[in-house]
There are 2 protein chains.
Amino acid sequence: MKEDNNNLHRTTLRILETLELIANNPNRFTLSDISDKLQIPKSTISPILHTLVYKGFLSLTPDYHYRIGFSAYNIGTGFLHQFNYLDEIEKILSDVTNVCLEASHYAVLSGGDVLYLKKVNSPEPIRMVSFVGNKLPAYSTALGKALLLNMSVNDIKKLYPGGLKPVTEHTITDFTELREQLTKAKQEGYVYEIEESNQYIRCIAVPIHKSGKIVASISVATPVFRYDDKKEALIKALLTDAQYKIETLINTLEISYEDLIQ
Amino acid sequence: MKEDNNNLHRTTLRILETLELIANNPNRFTLSDISDKLQIPKSTISPILHTLVYKGFLSLTPDYHYRIGFSAYNIGTGFLHQFNYLDEIEKILSDVTNVCLEASHYAVLSGGDVLYLKKVNSPEPIRMVSFVGNKLPAYSTALGKALLLNMSVNDIKKLYPGGLKPVTEHTITDFTELREQLTKAKQEGYVYEIEESNQYIRCIAVPIHKSGKIVASISVATPVFRYDDKKEALIKALLTDAQYKIETLINTLEISYEDLIQ
DNA sequence: AAATTATATTCGAATATACGAACAGCAGAG
DNA sequence: CTCTGCTGTTCGTATATTCGAATATAATTT
């Protein structure tokens, strides 16, 4: 977009790619693996890995495999601490989950993805597998569609230059159909999702506004077998209540627009 | 201990120090600030910062101030994903908190510090300010003392070469006194803390064992004004129950010792 | 016990990075 | 309207990093 893709610092790229490789992969790698996968000479990556271990960003298992260390985690939490109102959000979401017994979420838009910033787990034994920090294409989730409510088809197209790729067999893949659904949702005040991002999961969401703009959204997710009209009505009532509380909270705490979005 | 403190990679150190500076400081810094504080020439740090922003580890506000970006968070969560049994732990701790209405925690030992890996917030309006990823000296908290139960005075002294520094006015600062308290706690099965790490907070903890070794601990924290004999008895019963459930869980999932400790 | 296959480290030559003074652009003060 | 102080960028030279073959060390196989 506006970044100069050239003129980047090779060593920095290598260090970050190393961290990403180790963090995003369930397998653990040795120095040779890393050298091989990232095409970095072993003698070059060696002192870098030593330093990463020394600083606690990586740790080294007795059998020469690297894994992510606490310092990396510590840096990462710095990101969430920027959203220092999240504890208050959690209280509000807990009230929702405690009544309807289903997982609730708070998310913001990050590029074209929904970024989950808070999740309150359902107390029920069968529950959704999701976690804070997850990213999913916004058009495939209720939370995400709530974040797109005010966007034109052109704005949305800009977010997904490659088109709307399906996540499940029910994911919307047509821009016009998406925009029509958003228009209906905006009129009704609720956004629905039926197994569009997770099989067997239905979801209802509402947007969170600050001075007329949508800055975030909240949702409740339910396994299809626990979903019926009565539950839907309950969830919608709870979401509207939570929506009001969160919008009030944001205004009360005078959180800047800057600090709300990512 | 075993790391070669020399022979480190200067550029890597600089990048990591930059990330730490930005992550650990509530103030936001400009390129010049970073150059100044870390004693790195501006022309040197400039391409590094560009690359960090390009990769999403930092983001740049319109007024030239850097803050932590989502990629850093993403790497950090890789650390928690190594503890992939934490969701199960959360369920068990939720049961504790839902009955006694106070915050519960799960932690491991990291050096001489307690590392909080899971926290379930109290539903009560007045509650402890703490969060996952926090580190406190082990000797100053119930959770931490539970992790030290099986250590000799010499082992403990090795963890704190600078002695036991007080966190509050009630923190234990004498090794012998600490060891005596641990012995009593081991006999009784419960570890107590009375405003030793947080003013107005009392805490009870129990250790979590795997094949005879202490690998983790759990605790319940209470504001002093909500603490009485009846609550203490309730918390102790809940902790013993949760302790059994977690130890069973760890054995059932066949989680290796390696993956439990940090 | 020798051979093989892993691991990471060493070394000097080649090269990319780092340095710091000078520069450019912008915002606010006087 | 210039000056000052802030931002980040540019440039040639100096220097530290990088490269890849060779080496060391350890574990495993034959």
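Note that the coordinates shown come from a computational prediction; the quantities given were computed from them, not determined experimentally. Convention: sequence-line order gives letters A, B, ...; per-chain numbering from 1.
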Would you please name every residue forming a side-chain contact (heavy atoms from CB on, under 4.5 Å) with B/P41, sequence neighbours left out? B/R14, B/S43, B/T44
For C/dT9, does either OP1 or OP2 sit under 4.0 Å from a side-chain N or O belonging to A/H50? yes
Can a donor-acceptor pair be found, under 3.5 Å and without considering hydrogens, that links the side chain of A/T30 to the backbone of A/H65? no
Take atom CG of B/L31 and atom P of C/dC19, then tell me their distance rounded to the nearest Å. 13 Å
What is the separation between atom CZ on A/F29 and atom C1' on C/dA8, rounded to the nearest whole Å? 18 Å
Determine whether the side chains of B/T61 and B/D63 contain a donor N or O and an acceptor N or O closer than 3.5 Å. yes
Quick check: does any side chain N or O of A/N25 sit under 3.5 Å from a backbone N or O of A/L21, one acting as donor and the other as acceptor? no
Paired stems touching DNA chain C, three or more consecutive Watson-Crick or G-U pairs with both distances under 3.5 Å? C:1-30 with D:1-30
Evaluate the ring planes of A/F79 and B/Y73, with Trp represented by its six-membered ring, and classify them as parallel (under 30°), tilted (30 to 60°) or perpendicular (over 60°). tilted
Which protein N or O atoms sit under 3.5 Å from an N or O of nucleotides 18-21 of chain D?
from: D/dT18; atom 1: OP1; to: A/T11; atom 2: OG1; distance (Å): 3.0
from: D/dT18; atom 1: OP2; to: B/H9; atom 2: NE2; distance (Å): 2.7
from: D/dC19; atom 1: OP1; to: A/R10; atom 2: NH1; distance (Å): 3.4
from: D/dC19; atom 1: OP1; to: A/R14; atom 2: NH1; distance (Å): 3.2
from: D/dC19; atom 1: OP1; to: A/R14; atom 2: NH2; distance (Å): 2.6
from: D/dC19; atom 1: OP2; to: A/R14; atom 2: NH1; distance (Å): 3.2
from: D/dC19; atom 1: OP2; to: A/T44; atom 2: OG1; distance (Å): 2.2
from: D/dG20; atom 1: N7; to: A/S43; atom 2: OG; distance (Å): 2.8
from: D/dG20; atom 1: O6; to: A/S43; atom 2: OG; distance (Å): 2.9

Tell me the interatomic distance from A/L60, atom CG, to C/dA8, atom P, rounded to whole angstroms. 8 Å
Whole-Å distance separating the CG atom of A/L13 from the C1' atom of C/dT17: 14 Å
Tell me whether the OP1 or OP2 atom of C/dA8 has a side-chain N or O from A/S46 closer than 4.0 Å. no
Crowded around A/Y160 OH? As in, over 12 foreign heavy atoms under 6.0 Å? yes
Rounded to whole Å, how long is the line connecting atom NE2 of B/H65 with atom C1' of D/dG8? 13 Å
May I have the distance from B/D63 (atom CG) to D/dG5 (atom P), rounded to whole angstrom? 21 Å
Taking only residues two or more places apart in sequence or in another chain, which ones pass side-chain contact (heavy atoms from CB on, under 4.5 Å) with A/S197? A/L136, A/S140, A/T141, A/E193
Among all residues two or more places apart in sequence or in another chain, which pass the side chain to side chain donor-acceptor pair (under 3.5 Å) test with A/E247? A/H209
From CG of B/D36 over to C1' of D/dG5, roughly how many Å is that when rounded to an integer? 14 Å
Check the distance between C/dC26's P and B/Y64's OH and give it to me in whole angstrom. 8 Å
Among all residues two or more places apart in sequence or in another chain, which pass the side-chain contact (heavy atoms from CB on, under 4.5 Å) test with A/K165? A/Y139
